[in-house]
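The sequence lines fix the lettering, A, B, ..., with proteins before strands; numbering per chain opens at 1.
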Protein chains: 2
Amino acid sequence: MPRGDGKGPPGWKGRFRGCGHRFTIPRQAIIETLEKTSEHLSAEDIYLKVHKQYPNIGLTTVYRTLEVLAQMRLVFKFDFGDGRARYELSHSDSKKDHHHHLVCTSCNRIIDYTDFIDEEVELLNKTEKALSKKFNFKISNHLIQFYGLCEKCKKTAGPLGG
Amino acid sequence: MPRGDGKGPPGWKGRFRGCGHRFTIPRQAIIETLEKTSEHLSAEDIYLKVHKQYPNIGLTTVYRTLEVLAQMRLVFKFDFGDGRARYELSHSDSKKDHHHHLVCTSCNRIIDYTDFIDEEVELLNKTEKALSKKFNFKISNHLIQFYGLCEKCKKTAGPLGG
DNA sequence: CTTGATAATGACAACCATTATCATTAACCC
DNA sequence: GGGTTAATGATAATGGTTGTCATTATCAAG
């Protein structure tokens, strides 16, 4: 029987150790926060949530942990254009969680969608293979976002829609 | 015979006036710089290029002009993860210039590709229509980027490839 | 379990791209 | 040309992110 990390799904500690990193309480807390949410949290969002349970954990540590997680490709860093980065767990093991984003350029609302993902991913995989070959480029991730106006902002926006 | 803007392709002045903006020398110079380059220029890059011919034009004006152009959807603002935004003319009128990006997460090199664009765009249009309907969302743009390691960085990078 | 090497932490300061301010200038309509 | 007013440019301010460094905690070895 394989041992877990004490808390949360097993494997986190192993993943950290496998990359030469230590698995600490702050890192555990940050991952748990990411696992619990369905929102697109900024570093400060995460800091505030973590801070409730562990008031000693600092914002700097949140940034550093997110950087490590991004390097390990366990979280993906998004830019939705509001001046701060947002972070999501990658869920690379379960395809069902894969989604893309609609970004409202007026109110910055983000809508996740999973519809049409299968068809998109199929084409993406094909494209990735071809691009990898042509440019000798090792593709490890992709980003797809649609920009526009959400339901609410469509009504109030002028002709420019901005 | 339609009158142009004095310099550059006709239509720029009209587009500005049509949105209630004035067409000034700094704006003209910034657009010309964007038209001349095939690179992905940051605000400072543009400022430095414009500065050679018009030393009086300030960085603030570059930012403001880019914001106006982005609002008018004549330029697209990219984030390639290096901490500064990059800007490209939209070329929305000629499909042939449409391209997507490969982003090297190690050296931040950007590769444009136009291959497979047709197939991608076809699926994207289909997806856009369906998403617009489902979420009552007015889509006006999309962003597609692939992340990974370029030819050079593949060789030198470790197992993590970061 | 204790210990030691060292990675990770946290408080703070520094950084730097971007934005706000405001007096001055210049575009554009008449 | 002249007046209105948006646009400009110098400067300061903002704020997300990163660097510094003394202290702490992880984890492998004994």
Side-chain angles (χ1 to χ4, degrees), chain A residues 3-7 12-31 40-48 50-51 53-72 75 77-87 108 160, chain B residues 3 5-7 12-31 40-48 50-51 53-72 75 77-87 108 160 162:
Chain A
R3 283 176 57 218
D5 302 325
K7 287 176 84 175
W12 285 110
K13 181 167 182 176
R15 275 179 263 203
F16 273 81
R17 298 304 300 145
C19 295
H21 296 297
R22 294 177 182 175
F23 191 63
T24 65
I25 288 168
R27 288 174 177 184
Q28 190 173 289
I30 289 162
I31 288 169
H40 309 90
L41 301 179
S42 67
E44 193 180 2
D45 292 336
I46 295 166
Y47 166 72
L48 290 172
V50 165
H51 191 262
Q53 193 177 354
Y54 302 93
N56 296 329
I57 295 176
L59 181 56
T60 310
T61 296
V62 174
Y63 273 107
R64 272 184 302 225
T65 298
L66 290 169
E67 193 189 340
V68 169
L69 285 165
Q71 268 177 39
M72 296 194 290
V75 306
K77 185 179 179 178
F78 289 93
D79 168 51
F80 295 136
D82 64 343
R84 69 196 63 194
R86 310 262 168 187
Y87 301 84
N108 268 307
L160 263 178
Chain B
R3 285 175 57 216
D5 301 326
K7 286 175 83 175
W12 285 111
K13 181 166 179 175
R15 276 179 264 202
F16 273 81
R17 297 306 298 147
C19 295
H21 296 297
R22 295 175 181 176
F23 191 63
T24 65
I25 289 168
R27 289 174 177 184
Q28 190 173 290
I30 289 162
I31 289 170
H40 309 91
L41 302 178
S42 68
E44 194 180 2
D45 291 337
I46 296 166
Y47 166 72
L48 290 172
V50 165
H51 193 262
Q53 193 176 355
Y54 301 93
N56 296 328
I57 296 176
L59 180 56
T60 308
T61 297
V62 174
Y63 274 107
R64 272 185 302 226
T65 298
L66 290 170
E67 192 189 341
V68 170
L69 285 166
Q71 268 177 41
M72 295 193 291
V75 306
K77 185 178 179 179
F78 289 93
D79 168 50
F80 294 134
D82 65 343
R84 71 197 61 194
R86 309 263 169 186
Y87 301 84
N108 268 305
L160 264 179

Discussion item. Going by the rule ring-ring contact (aromatic ring centres under 6.0 Å, His included), which residues pair with A:H51 if we only count those two or more places apart in sequence or in a different chain?
Written reply: A:Y47
Discussion item. Without decimals, in angstroms, what is the distance between B:E67 CD and C:dA17 P?
Written reply: 18 Å
Worksheet, complete the sentence: Between CD of B:Q28 and P of D:dA7 the distance, given in whole Å, is 15 Å
Fill in: Length of the line joining A:Y47:OH and D:dG15:P, which is rounded to integer Å
17 Å
Worksheet, complete the sentence: Of all heavy-atom pairs linking B:I30 and B:T61, the shortest is CD1-O, 4.2 Å
Practice prompt. Would you mind telling me which of D:dT8, C:dG10, D:dT17 lies closest to the side-chain atoms of A:N56?
Written response: C:dG10
Worksheet item: When you check the phosphate oxygens OP1 and OP2 of C:dT9, does a side-chain N or O of A:R27 lie under 4.0 Å from one of them?
Response: yes
Worksheet item: Hey, does B:T24 have a side-chain heavy atom less than 4.5 Å from the side chain of B:T65?
Response: no
Tabulate atom names and distances for all N/O pairs under 3.5 angstrom spanning the protein and nucleotides 14-16 of chain C.
none

Worksheet item: Can you list the residues that meet the side-chain contact (heavy atoms from CB on, under 4.5 Å) rule with B:T60, with sequence neighbours excluded?
Response: B:R64
Discussion item. In whole Å, I'd like the distance from the CG atom of B:L59 to the C1' atom of C:dA17.
Written reply: 9 Å
Discussion item. So if I define the base as every atom that isn't primed, P, OP1 or OP2, how would nucleotides 20-30 of chain D read as a B/S/- string at a heavy-atom cutoff under 4.0 Å?
Written reply: B----BBSS--
Practice prompt. For B:E44, check side-chain contact (heavy atoms from CB on, under 4.5 Å) against everything at least two apart and list the hits.
Written response: B:S42, B:L48, B:R84
Item to complete: Grab the CG-P distance between A:D82 and C:dT18 for me, whole Å please.
Response: 14 Å
Discussion item. Suppose we screen for side-chain contact (heavy atoms from CB on, under 4.5 Å). Which residues come up paired with B:A70, at least two apart in sequence or across chains?
Written reply: B:V75
Item to complete: State which residues pass ring-ring contact (aromatic ring centres under 6.0 Å, His included) with A:Y63; sequence neighbours excluded, sorted by chain then number.
Response: none
Worksheet item: Taking OP1 and OP2 of D:dT17, is either one under 4.0 Å from a side-chain nitrogen or oxygen of A:Y63?
Response: yes
Worksheet item: Within a strict 4.5 Å, meaning less than it, do heavy atoms of the A:H40 and A:F78 side chains meet?
Response: no
Worksheet, complete the sentence: Contacts of B:D45 meeting salt bridge (Lys or Arg N to Asp or Glu O under 4.0 Å) (sequence neighbours excluded), chain-then-number -> B:R86
Item to complete: Calculate the interatomic distance between B:K77 atom NZ and C:dA17 atom P; express it in whole Å.
Response: 14 Å
Worksheet item: For A:A85, which residues count as a side-chain contact (heavy atoms from CB on, under 4.5 Å) partner, sequence neighbours excluded?
Response: A:K77, A:Y87
Worksheet, complete the sentence: B:L69 CG to D:dA7 C1', in whole Å, measures 14 Å
Worksheet item: What integer distance in Å separates A:E44:CD from D:dT18:P?
Response: 14 Å
Practice prompt. Note down the inter-axis angle between the two ends of the helix from C:dC1-D:dG30 to C:dC30-D:dG1, five pairs each, to the nearest 10°.
Written response: 50°
Worksheet item: Can you list the residues that meet the ring-ring contact (aromatic ring centres under 6.0 Å, His included) rule with A:F16, with sequence neighbours excluded?
Response: A:F23
